[in-house]
Amino acid sequence: MDAVTQVEGRAIPFGRKNIDTDVIIPAKWLKTISREGLGKGAFETIRAEPDNIFDSAEFAGSPILIAGDNFGCGSSREHAAWAMLDLGIRAVIAPSFSDIFSGNAFKNGILTVVLPQEQVDRLLEVAQSQPITIDLESQSVTTPFQDRFTFEIDPFRKHCLLEGLDEVGLTLSRDAAITAYEASQAQRMPWFAKGTGAAA
Amino acid sequence: MANRPRTLYEKIWDAHVVERRDDGTCLIYIDRHLVHEVTSPQAFEALRLSGRKVRRPDLTLAVPDHNLPTTARLDASGARIPIADPESAQQLAALERNAPEFGIRYITDTALEQGIVHVVGPEQGFSLPGATIVCGDSHTACHGGIGALAFGIGTSEVEHVLATQTLLLKQSKTMEVRVNGALPAGVTPKDLILHIIGVIGTAGGTGHVIEFRGPVFEAMSIEGRLTVCNMAIEGGARAGLVAPDETTFAYIKGRTYAPTGDAWNQALAWWKTLQTDDGATFDKSVVIDAADVQPTVTWGTSPEDVAPIGGTVPAPESFADPSKQEAVRKSLDYMGLAPGQKLSEVEVQNIFIGSCTNSRIEDLRAAAAVLKGRRKADNVKWAIVVPGSGLVKAQAEAEGLDRIFVEAGLEWRQPGCSACLGMNPDKVPPGERCASTSNRNFVGRQGPGARTHLVSPAMAAAAAVTGHLTDVRELVD
Ligand code: SF4
């Protein structure tokens with residue numbers, strides 16, 4: 001996972017509420033074996049609309065998405081986060097997110113920023129013409145018009161994002177503890193260690 | 001801590017804590033990891049890209065199930081029949097390549113042991129009581145039927161378990177569902193779990209692990225317990241559990257990966273301690289009288305939309321919550337049903353007997369007992385029986401069940417997920433109804449526009465015979 005300190009650039013002023021993961025990436029795209037390339041199917045039904053904002057020359061490739069309440073509800077498919085990453089989105093700002101989506105986003109280095117509706121409304125307005133900046137260290141969103149909004153984030157998640165630590169990497173750094181557990185389990189519950197007998 | 005009375009869930013949890021962080025999150029050791037073709041390719045790809053290995057390939061077992069067609073897999077000369085859908089073929093090929101590359105035991109699509117991942121785990125003795133078991137599939141809860149703490153995970157977590165054999169988790173709350181008395185004749189574990197979900201609702205178990213307790217579960221077979229725990233997830237719970245007992249031990253003993261000799265005796269000694277202590281408390285408790293449970297069917301598009309077969313389709317206004325009223329209106333519209341309609345008069349064109357909920361030998365026996373010497377109704381166009389594994393299939397054939405199904409006009413298929421979800425060729429046509437022994441009646445789950453009625457295997461067989469939803473007790477005594 002790449003470290004995230006700042007996400008800066010144009011923000012797609014999308015703003016719709018209750019966008020579920022079926023809208024972010026429809027089920028027919030789940031038969032893939034890769035995390036890459038899902039941008040093709042991202043927001044497919046919305047992008048079928050003429051003059052949609054995702055495909056406009058102005059906003060294509062923007063690193064930030066501004067959405068409405070309850071973003072990412074529905075199915076737990078991690079493909080939703082992969083599809084957005086593939087579109088180039090590194091941060092989403094919304095009044096609220098589904099728990100599962102924000103977990104999946106975090107695991108893929110996408111910043112989810114929760115701000116009150118009126119601040120989101122202000123950003124939707126600014127984003128029409130100007131870039132915005134999200135700074136993770138200071139937990140703030142700023143605009144060229146001197147707006148400055150601060151947001152909350154779980155300290156553990158913040159640490160992981162700033163350091164670019166993926167959870168796997170982090171847990172691998174606890175290797176000694178896992179090895180010690182395995183040794184103690186081999187004493188207490190030796191039958192579990194047998195497994196299929198397959199060797200690496 | 002050891003002296004405080006604990007629930008079964010807490011005992012299994014405590015035995016698997018590698019580390020506890022200050023915020024209460026624990027690194028939990030995973031004893032068994034089951035892998036199938038749909039949620040694993042990106043996890044293996046990530047390992048490859050980062051140069052990481054699978055920490056314990058010996059604690060991981062891979063088997064294909066979701067995408068496989070359930071028609072013949074080999075032609076007359078014994079050669080593999082290619083899979084028509086290129087994307088399904090690609091997902092299957094990826095698993096077949098990834099498993100050996102990472103040293104994981106892989107059950108091929110044509111092996112006798114192949115089957116639905118949640119049927120295979122217990123059947124192979126890979127899933128064991130007291131184990132922590134995960135799989136990239138929400139119905140992993142199923143394995144709780146043998147007293148394992150089992151739950152579904154996402155693809156990043158699949159990668160995490162492959163690389164570290166652990167997961168970072170917060171402990172769930174505990175919930176007890178106690179069923180007193182005995183199930184009436186003709187009422188099965190599937191009817192019971194549908195009834196329970198009707199009582200607690202699809203959010204009733206959210207944030208909890210459910211332990212199913214009481215004399216009904218003590219008297220229940222392992223197949224029945226697996227059916228009940230399978231659908232704990234439809235009641236919102238992360239996992240379901242039934243305490244292991246003599247029935248469990250007899251089921252596990254002698255299976256391929258089950259412990260033997262001294263290891264068996266040691267395991268048994270620990271397994272016998274896996275019961276909720278007297279005096280332990282649950283965060284939530286629900287008590288149900290088994291005598292109230294009848295053969296149960298769903299009428300809507302949520303697993304909580306249940307009614308006894310003798311009942312009628314409810315009116316949206318009969319629900320107190322306005323948002324539920326709206327959901328019921330939408331549901332009935334999708335299902336093509338009207339309030340007040342008798343459920344026993346709802347015609348079905350399709351029958352699906354299978355899925356990880358109801359495809360084990362006991363399920364097939366129950367269906368065959370109803371179908372023996374009978375024929376499916378003419379309005380039933382498509383009726384398939386899909387055994388949960390090659391071993392279940394062989395057992396059923398040894399008992400002559402396949403002939404009963406075929407003589408009744410049903411198709412006898414190869415093992416797999418089949419019509420449980422619209423991912424392989426087995427689908428219910430748009431607008432048609434299916435009496436299905438699977439676990440989800442969601443909009444489009446069995447194919448776009450398909451209308452699903454969840455039922456037990458015996459009830460599915462009864463519907464096949466009459467062509468409409470039917471109280472199986474009218475066909476057998
Ligand atoms: S049978 Fe259905 S519920 Fe079970 S694993 Fe397969 S798709 Fe999932």
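A note on names: the letters A, B, ... follow the listed sequences, proteins ahead of strands, and every chain is numbered from 1.
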Student: What heavy-atom pair brings B/Gln91 and A/Leu30 nearest, and what distance separates the two atoms?
Tutor: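 Minimum heavy-atom contact is NE2-O, 3.2 Å.
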Student: Tell me, out of A/Ala177, A/Pro155, A/Gly103, A/Ala81, who's got the most heavy-atom pairs with chain B below 4.5 Å.
Tutor: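 Between A/Ala177, A/Pro155, A/Gly103, A/Ala81, the count favours A/Ala177.
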Student: When rounded to the nearest 0.5 angstrom, what distance separates CG in B/Leu95 from CD1 in A/Ile33?
Tutor: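 Reported to 0.5 Å precision, the distance equals 11.0 Å.
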Student: Can B/Arg32 be said to sit on top of A/Phe192's aromatic six-ring, NZ or CZ under 6.0 Å from centre and within 45° of the ring axis?
Tutor: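 Geometry flag: not set, cation outside 6.0 Å or 45°.
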Student: Roughly how far apart are A/Glu182 CD and B/Thr166 OG1, rounded to 0.5 Å?
Tutor: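 Here the rounded value is 9.5 Å.
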Student: Any salt bridge between A/Lys31 and B/Asp85, counting N to O under 4.0 Å?
Tutor: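 So A/Lys31 pairs with B/Asp85 through a salt bridge.
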Student: Is there a donor-acceptor pair under 3.5 Å between the side chain of B/Gln266 and the backbone N or O of A/Arg188?
Tutor: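 A pair under 3.5 Å: no.
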Student: Using modelled atom types and a 3.5 Å cut-off, is there a donor and acceptor pairing between side-chain atoms of A/Glu167 and backbone atoms of B/His160?
Tutor: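 Flag not set: sc A/Glu167 to bb B/His160 has no pair under 3.5 Å.
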Student: Taking all non-hydrogen atoms of both residues into account, name the closest pair between B/Ala163 and A/Val168 and its distance.
Tutor: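 Nearest heavy atoms, B/Ala163 then A/Val168: CB-CG1, 3.6 Å.
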Student: Side chains of B/Tyr106 and A/Thr196: does their closest heavy-atom pair fall under 4.5 Å?
Tutor: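 Answer no - side chains too far apart.
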Student: For B/His66, which atoms come within 4.5 Å of any heavy atom of chain A: side chain, backbone, both, or neither?
Tutor: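 For B/His66, no heavy atom lies under 4.5 Å from chain A.
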Student: Checking heavy atoms, do the side chain of B/Asn67, its backbone, both or neither come under 4.5 Å from chain A?
Tutor: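 Contact with chain A: side chain only.
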Student: Can you measure from OG1 (B/Thr39) to CZ (A/Arg77) and round to the nearest 0.5 angstrom?
Tutor: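 It comes to 13.0 Å.
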Student: Heavy-atom distance under 4.5 Å to chain A: side chain of B/Pro86, backbone, both or neither?
Tutor: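 For B/Pro86, no heavy atom lies under 4.5 Å from chain A.
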Student: Based on non-hydrogen pairs under 4.5 Å, which of B/Gln165, B/Glu37, B/Arg105 is most in contact with chain A?
Tutor: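 Heavy-atom pairs under 4.5 Å are most numerous for B/Arg105.
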Student: So for B/Tyr257, is it side chain, backbone, both, or neither that comes closer than 4.5 Å to the heavy atoms of chain A?
Tutor: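 Looking at B/Tyr257, backbone and side chain both touch chain A.
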Student: Quick one: pull up CH2 in A/Trp191 and CG in B/Asp262 and give me the separation to the nearest 0.5 Å.
Tutor: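 Result: 12.0 Å between the selected atoms.
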Student: By a 4.5 Å heavy-atom criterion (distance strictly below it), what part of B/Ala93 contacts chain A: side chain, backbone, both, or neither?
Tutor: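 Contact with chain A is absent: no heavy atom of B/Ala93 under 4.5 Å.
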Student: Of the backbone (N, CA, C, O) and the side chain (C-beta and beyond), which part of A/Thr179 lies under 4.5 Å from a heavy atom of chain B, both, or neither?
Tutor: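 When you check distances to chain B, atoms from both the backbone and side chain of A/Thr179 fall under 4.5 Å.
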Student: Is any side-chain heavy atom of B/Gln42 closer than 4.5 Å to a side-chain heavy atom of A/His79?
Tutor: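 Yes; the side chains approach each other to less than 4.5 Å.
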Student: Quick one: do B/Arg52 and A/Asp166 make a salt bridge, cutoff under 4.0 Å?
Tutor: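 A salt bridge is present here (some side-chain N lies under 4.0 Å from a carboxylate O).
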Student: Is any side-chain heavy atom of B/Thr155 less than 4.5 Å from a side-chain heavy atom of A/Arg35?
Tutor: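 A side-chain contact exists here, since the closest heavy-atom pair is under 4.5 Å.
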Student: How long is the straight-line distance from CZ of B/Phe126 back to NZ of A/Lys194, given to the nearest 0.5 Å?
Tutor: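 If I round to the nearest 0.5 Å, the distance is 11.0 Å.
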Student: Does B/Arg55 pair with A/Asp175 as a salt bridge, N-O distance under 4.0 Å?
Tutor: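 Yes, B/Arg55 and A/Asp175 are salt-bridged.
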Student: To check you understand the geometry: which heavy-atom pair defines the closest contact between B/Leu27 and A/Ile178, and what is its length?
Tutor: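 What the structure gives for the nearest pair is CD2-CG1, 4.2 Å.
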Student: How about A/Glu78 and B/Ser156: does a side-chain donor come under 3.5 Å of a side-chain acceptor?
Tutor: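 A donor-acceptor contact under 3.5 Å links the two side chains.
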Student: Measure B/Ala131 against the heavy atoms of chain A and call it side chain, backbone, both or neither at under 4.5 Å.
Tutor: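 It is both, since atoms from each part get that close.
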Student: Non-hydrogen atoms of chain A under 4.5 Å away: do they reach the side chain of B/Val17, the backbone, both or neither?
Tutor: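 Looking at B/Val17, just its backbone touches chain A.
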Student: So for A/Thr32, is it side chain, backbone, both, or neither that comes closer than 4.5 Å to the heavy atoms of chain B?
Tutor: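 Interface part for A/Thr32: both.
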Student: Which region of B/Glu45, side chain (C-beta onward) or backbone (N, CA, C, O), has a non-hydrogen atom less than 4.5 Å from a non-hydrogen atom of chain A, or is it both or neither?
Tutor: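 Just the side chain, heavy atoms under 4.5 Å.
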Student: Non-hydrogen atoms of chain A under 4.5 Å away: do they reach the side chain of B/Glu19, the backbone, both or neither?
Tutor: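 Contact with chain A involves the side chain of B/Glu19 alone.
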Student: Which atoms of B/Ser40 are under 4.5 Å from chain A, going by heavy atoms: the side chain, the backbone, both sets, or neither?
Tutor: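 Neither part; nothing is under 4.5 Å.
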